[in-house]
Amino acid sequence: MDSTPEDHGFDSENLSFINNNATATTTTNTATTSAAASGSSRYENQKRRDWNTFGQYLRNHRPPLSLSRCSGAHVLEFLRYLDQFGKTKVHAPTCPFFGNPSQPAPCPCPLRQAWGSLDALIGRLRAAYDEHGAGGHETNPFGDRAVRLYLREVRDSQSRARGISYEKKKRKRPLQQQPFTTLPPPPPGTS
């Protein structure tokens, strides 16, 4: 494969560094192509690839982990592992470009996974976990409090480091036109 994993995000066929078996990677690519042709939505395809990637991560974990023994701590380990393939420059507090949204010159700060990518990934994995009947909603490691706190910490630190606000955008409500009503005339005798 000529491309690197960071060129493509989280899809399992591009994370072949997890899987040392080239034949299995080819099989995954073929399965992905045929599934895409069957009419699944883009979201469903990405969710399936993310689920397969996480499953591969668990199988390659030392010692190998079963999904039933997976906890929020393992999810955090997976997210930190993915950081090495990120494309988002996150400036250290000591960097002269800390808090600057545009970087005027190169700096040695690390590349990380963007908060939005991690947040979307966790959302898809959370849904996939629920769909695969791996346990009740309460046992979903992707919804663990530690995972939510980690995502919040990543969002806040990247916001400060990159000088970008991640505040939720408030939806503008359409102005409702109030029908004009005529006021009744004042009572006689008042001026």
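We use all heavy atoms of the structure for the numbers below, so side chains are in, but hydrogens, waters and symmetry mates are not.
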Which value, rounded to the nearest 0.5 Å, describes the distance between [X] atom [atom1] and [Y] atom [atom2]?
X: Lys89; Y: Asn100; atom1: NZ; atom2: CG; result: 13.0 Å
X: His74; Y: Tyr57; atom1: NE2; atom2: OH; result: 8.0 Å
X: Gln113; Y: Asp119; atom1: CD; atom2: CG; result: 13.0 Å

Could you tell me which residues satisfy side-chain hydrogen bond (donor to acceptor under 3.5 Å, both in side chains) with [X], sequence neighbours excluded, listed by chain and number?
X: Arg59; result: Gln56
X: His91; result: none
X: Ser66; result: Ser68
X: Glu44; result: Lys47

By side-chain contact (heavy atoms from CB on, under 4.5 Å) - contacts of [X] (at least two apart):
X: Arg148; answer: Arg145
X: Ala120; answer: Arg124
X: Arg62; answer: Pro64
X: Ser157; answer: Arg160

Can any side-chain N or O of Gln84 pair as donor or acceptor with the backbone N or O of Tyr81 at less than 3.5 Å?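 Checking the backbone N and O of Tyr81 against the side chain of Gln84, a donor-acceptor pair under 3.5 Å is found.
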Salt bridge (Lys or Arg N to Asp or Glu O under 4.0 Å): which pairs involve residues 96-115, sequence neighbours left out?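 Applying salt bridge (Lys or Arg N to Asp or Glu O under 4.0 Å) to every pair that reaches into residues 96-115, excluding sequence neighbours, yields Asp83-Arg112.
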Any salt bridge (Lys or Arg N to Asp or Glu O under 4.0 Å) involving residues 91-109? Give me the pairs, sequence neighbours left out, ordered by first then second residue.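 Those involving residues 91-109 do not exist here.
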Nearest heavy atoms of Val147 and Gly72, plus distance in Å: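 That would be CG2-O, 3.9 Å.
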Of the non-hydrogen atoms in Tyr43 and Gly123, which two are nearest, and what is the gap between them? OH-O, 4.4 Å
What residues, two or more places apart in sequence or in another chain, satisfy ring pair (Phe, Tyr, Trp, His ring centres under 6.0 Å) together with Tyr150? none
Would Asn45 and Arg48 count as a side-chain hydrogen bond (donor to acceptor under 3.5 Å, both in side chains) here? Give the steps. CA-CA 5 Å; Asn45 288 333; Arg48 180 181 33 76; 3.0 Å; yes
Does Thr139 reach the side chain of Tyr129, with side-chain heavy atoms less than 4.5 Å apart?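 Thr139 vs Tyr129: side chains touch.
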So, do Phe54 and Phe142 have ring centers that fall under 6.0 Å from each other? yes
With sequence neighbours excluded, tell me which residues meet salt bridge (charged side-chain N to carboxylate O under 4.0 Å, His left out) with Arg126.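 None.
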